[in-house]
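These notes concern the structure reproduced below.
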Amino acid sequence: MEIEIKEHDIYKKVPSLQEADAIAKVIVDATPKVVDYPFKFPELRPYEIRAKVLYAGVCHSDVHVAKSEWYNSKYPLCLGHEVVAEVTNVGEEVTNFKPGERVAWGCQRFYCGNCKNCSRGRTQLCREDVRPESIYLTDPFFGGFATHIQ
């Protein structure tokens, strides 16, 4: 029996692996079942990078999010917020990264870089960046349990 996978709001599923920009391992519901999700990336925004995932850690918080225990998780969900990757593309406003360089992500996707916490290297405590997607790497974005991340 084939598992039905809902369409993700950002990452559009494609019918075959050959058509995909990347493949994510997604959780389809709170059971949790893991399946391949071949997809196309959205257009790279000026301040974003795209990177090939080399390593992704498993954290117990991933288990809580997968089972929808902390909040109502939105499926399909690609976890993995401890990521090491190699930059493949950069947005036009990105000046501090270039293709081929290695990068790492923690749990927070964005931070301001200027506040007291950021200047002390505590970007996970930044409260200045007000983009709604700033809170957690994998909500609403795909995380590191994919071949590539943006």
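Keep in mind that what you see is a predicted model, and the values were worked out from it rather than measured.
- Between the CZ atom of Phe142 and the CD atom of Gln150 there is a distance of 12.0 Å, given to the nearest 0.5 Å.
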For residues 35-44, tabulate all N or O donor-acceptor pairs below 3.5 Å that involve a side-chain atom, not counting sequence neighbours.
unit_1 : atom_1 : unit_2 : atom_2 : d
Asp36  : OD1    : Lys25  : NZ     : 2.5
Tyr37  : OH     : His8   : N      : 3.2
Tyr37  : OH     : Tyr11  : O      : 2.7
Tyr37  : OH     : Lys13  : N      : 3.3
Lys40  : NZ     : Glu19  : O      : 2.8

Quick one: do Val94 and Asn96 satisfy side-chain contact (heavy atoms from CB on, under 4.5 Å)? Show the steps, please.
CA-CA 6 Å; Val94 175; Asn96 51 344; 3.9 Å; yes
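- Contact record, Cys78 with Val26: CB-CG1, 4.1 Å, taken as the closest heavy-atom pair.
- No chain of hydrophobic side-chain contacts below 4.5 Å, direct or via other Ile, Leu, Val, Met, Phe, Trp or Tyr residues, connects Val84 to Val87.
- Both Ile27 and Val58 belong to a common hydrophobic cluster when Ile, Leu, Val, Met, Phe, Trp and Tyr are linked at side-chain heavy-atom distances under 4.5 angstrom.
- Residues meeting the side chain to side chain donor-acceptor pair (under 3.5 Å) test with Asn117, sequence neighbours left out: none.
- Residues satisfying the side chain to side chain donor-acceptor pair (under 3.5 Å) test with Thr31, not counting sequence neighbours, are Asp29.
- The distance from the CG atom of Leu77 to the OG atom of Ser68 is 9.0 Å, given to the nearest 0.5 Å.
- Taking OG of Ser61 as the reference point, atom CD of Glu69 lies at 11.5 Å (rounded to 0.5 Å).
- Pairs passing the salt bridge (Lys or Arg N to Asp or Glu O under 4.0 Å) check and including a residue from residues 94-108, sequence neighbours excluded, do not occur.
- For Thr147 (side chain) and Ala22 (main-chain N/O), no donor-acceptor pair under 3.5 Å exists by modelled atom type.
- For the side chain to side chain donor-acceptor pair (under 3.5 Å) test, no residue two or more places apart in sequence or in another chain qualifies with Glu86.
- Phe145 and Tyr75 fall within the same hydrophobic cluster, where Ile, Leu, Val, Met, Phe, Trp and Tyr residues are linked whenever their side-chain heavy atoms come under 4.5 Å apart, directly or through other members.
- The stretch residues 48-61 participates, sequence neighbours left out, in these salt bridge (Lys or Arg N to Asp or Glu O under 4.0 Å) pairs: Arg45-Glu48, Glu48-Arg109.
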